[in-house]
Amino acid sequence: MSTQQRTLPRHVRHLVIGAGFAGLGAAIKLNEAGERDFVVLEKGDDVGGTWRANTYPGAACDVPSQLYSFSFGPNPDWSMSFSPQPEIHAYLRRVAEESGTLDRFFFGTTMREARWDDDAQLWLVSTDRGDLTAATIISGSGGLSEPKLPDIDGIDSFAGEVFHSARWDHDVDLAGKRVAVIGTGASAIQIIPELAKVAGHVDVYQRTAPYVVPRNDRRYTRLERFAFRRVPAVMKAYRTAIYWGRELYVPGFTFQRRLLAPARAMALGNIKKGIDDPALRERVTPDFAVGCKRILISNTYYPTLAADHVDLVTDRIAKITGNAVVTADGVERPIDVLVVATGFHTTEQPIAHHIIGRDGRTLAEVGAEHGSANYKGTTVHGFPNLFQIVGANTGLGHSSMVFMIESQLAYVMDAIRTMQVNHYGTVEPRQDAQDAWNHDLQRRMRRTVWSTGGCASWYLDAQGRNTTLWPRTTYTFRKLLATFDVSAYDVQPLVERSRDHSTEGATA
Ligand code: NAP
């Protein structure tokens, strides 16, 4: 989508950051509520967020598409049960275009800093397109937006092509090349089978073997697509069935690990089916409880590892030279291209360094002290009128993040309504309410397979606290966020001198 050369307004009632599912959803919900005085800042050149950025070969959703879409934007045209990235991106573009909100999006615009001004009851925001003030900020900057590069000795000296999975360089011709992939996470296992179709040789560097269960993917039949289009109840029934099927995983993750035994059996069966060599089978068999890390899905990953021109390397990478990867056992494997599929900065989101709260500290500084604590995954003590979509402890290992995003958006919209009706200038979660929320979360976390499953994962922060996942059903999350519980908040009346910029101002 074209980057507008328009000028940013000097003040908006609501500033939305990011144009992925969260930011786009926020724009649509604000618009629907008649809150038309907002802008969306997006550093990329299009809507789509992670589905714009991740264009690597094989990129597809591993949550069924009927559920991995907005409830208010059903799509009868999904081609597959797990749709590929280009379809998801196209879906988001269509939803954005049909929403009539794109004139308020500023693409190619990076927020540099947002600083809370308590007297003015405003966020003072600087961007690379100019400054503005905003009464509220809805941040949808995404938990998986900032690639994490491995700290490997010599990686900067590599003379060939090197890129991260989320920054795929489509100009690099991989045909016949020797390629190394570092990582065996959700991205890597989608990339490796596609790479192996074109590359001359692929070395896969595995640090931890993941559980990979079969991907029950299939193309929707013409009859199904006809029914989705003509009888919306059919599409809704699919969505509901997928939703509850996914929720069945929650007890296994959160308190009864034994319930995940079928998933382990499926993964071991997948290994057996895809790989004949007993030694290779052993090397890809995980040594921790299933579910501790994200359960991955693929029918092609194990057969690809078994192919003659693909080598699985499990020795630690010692260094990278100008043209090779060298492992701790001294073996040097020459390569032309290095693909780094090592994940993202998750427990500490980069934007947290740029949002400065009431006491002058950044969200990152406060997060480092309090373990990214927030209230209901959405608001943070010390940061009035800031709403984070996909904040701490809202992530999922089993179901659709779009469901969580919509739950949060309902809460945010009710907060905004509450502010308007009561002429509040600020809402900020009380420290005791936030502490109680986090205490309960961390208490529940102790019993989960993510804490007890014997693995190291990006779900955990530097202190070993799981600040990433939601440890209950998504249904419970939705119920808890259905209405804005103002009793958990400190509120301030709207100050007179900010009325020019007030949340009561005329709508655009
Ligand atoms: P990831 O799950 O964090 O996996 C990173 C991989 O790189 C892991 O295998 C990790 O090994 C390895 N690694 C990291 N640093 C390393 C180092 N210094 N040396 C060697 N290996 C290293 O990242 P991702 O695969 O990009 O996936 C991130 C998340 O994105 C997923 O969990 C999922 O939520 C989402 N995602 C979703 C989809 C989808 O829906 N289709 C697709 C892709 C990604 P260890 O396991 O030992 O840490």
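Index from 1, following the sequence. These values consider heavy atoms only, across backbone and side chains, with no hydrogens, waters or symmetry-generated copies. We count ligands from 1, going down the list as the structure has it; atoms in each ligand are counted the same way.
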Indicate whether the side chain of T327 and that of R333 have a donor and an acceptor atom separated by less than 3.5 Å.
yes
The single option from F21, Y68, Y243 passing ring pair (Phe, Tyr, Trp, His ring centres under 6.0 Å) against F403
Y243
Donor on one side chain, acceptor on other, T474 and E247, under 3.5 Å
yes
Between W168 and H170, what is the ring plane arrangement, given parallel below 30°, perpendicular above 60°, and tilted in between?
tilted
What does the contact table look like for ligand 1 (nitrogen or oxygen on each side, cut-off under 3.5 Å)?
{"residue": "ligand 1", "atom": "2 (O)", "partner": "W458", "partner atom": "NE1", "Å": "3.3"}
{"residue": "ligand 1", "atom": "3 (O)", "partner": "W458", "partner atom": "NE1", "Å": "3.4"}
{"residue": "ligand 1", "atom": "7 (O)", "partner": "A341", "partner atom": "O", "Å": "3.3"}
{"residue": "ligand 1", "atom": "9 (O)", "partner": "T184", "partner atom": "N", "Å": "2.9"}
{"residue": "ligand 1", "atom": "9 (O)", "partner": "G185", "partner atom": "N", "Å": "3.4"}
{"residue": "ligand 1", "atom": "25 (O)", "partner": "A186", "partner atom": "N", "Å": "2.9"}
{"residue": "ligand 1", "atom": "25 (O)", "partner": "S187", "partner atom": "N", "Å": "2.8"}
{"residue": "ligand 1", "atom": "25 (O)", "partner": "S187", "partner atom": "OG", "Å": "3.3"}
{"residue": "ligand 1", "atom": "26 (O)", "partner": "S187", "partner atom": "OG", "Å": "2.6"}
{"residue": "ligand 1", "atom": "34 (O)", "partner": "R294", "partner atom": "NH1", "Å": "3.2"}
{"residue": "ligand 1", "atom": "40 (O)", "partner": "D62", "partner atom": "N", "Å": "3.1"}
{"residue": "ligand 1", "atom": "40 (O)", "partner": "D62", "partner atom": "OD1", "Å": "2.8"}
{"residue": "ligand 1", "atom": "41 (N)", "partner": "A60", "partner atom": "O", "Å": "2.3"}
{"residue": "ligand 1", "atom": "41 (N)", "partner": "D62", "partner atom": "N", "Å": "3.3"}
{"residue": "ligand 1", "atom": "41 (N)", "partner": "Q190", "partner atom": "NE2", "Å": "3.2"}
{"residue": "ligand 1", "atom": "46 (O)", "partner": "K293", "partner atom": "NZ", "Å": "2.7"}
{"residue": "ligand 1", "atom": "47 (O)", "partner": "R207", "partner atom": "NE", "Å": "2.9"}
{"residue": "ligand 1", "atom": "47 (O)", "partner": "T208", "partner atom": "OG1", "Å": "2.4"}
{"residue": "ligand 1", "atom": "48 (O)", "partner": "R207", "partner atom": "NH2", "Å": "2.9"}

Using 30° and 60° as the class boundaries, would you call the ring planes of W450 and Y459 parallel, tilted or perpendicular?
perpendicular
Kindly state each residue pair satisfying disulfide (SG to SG under 2.5 Å) with at least one member in residues 313-345, sequence neighbours excluded.
none
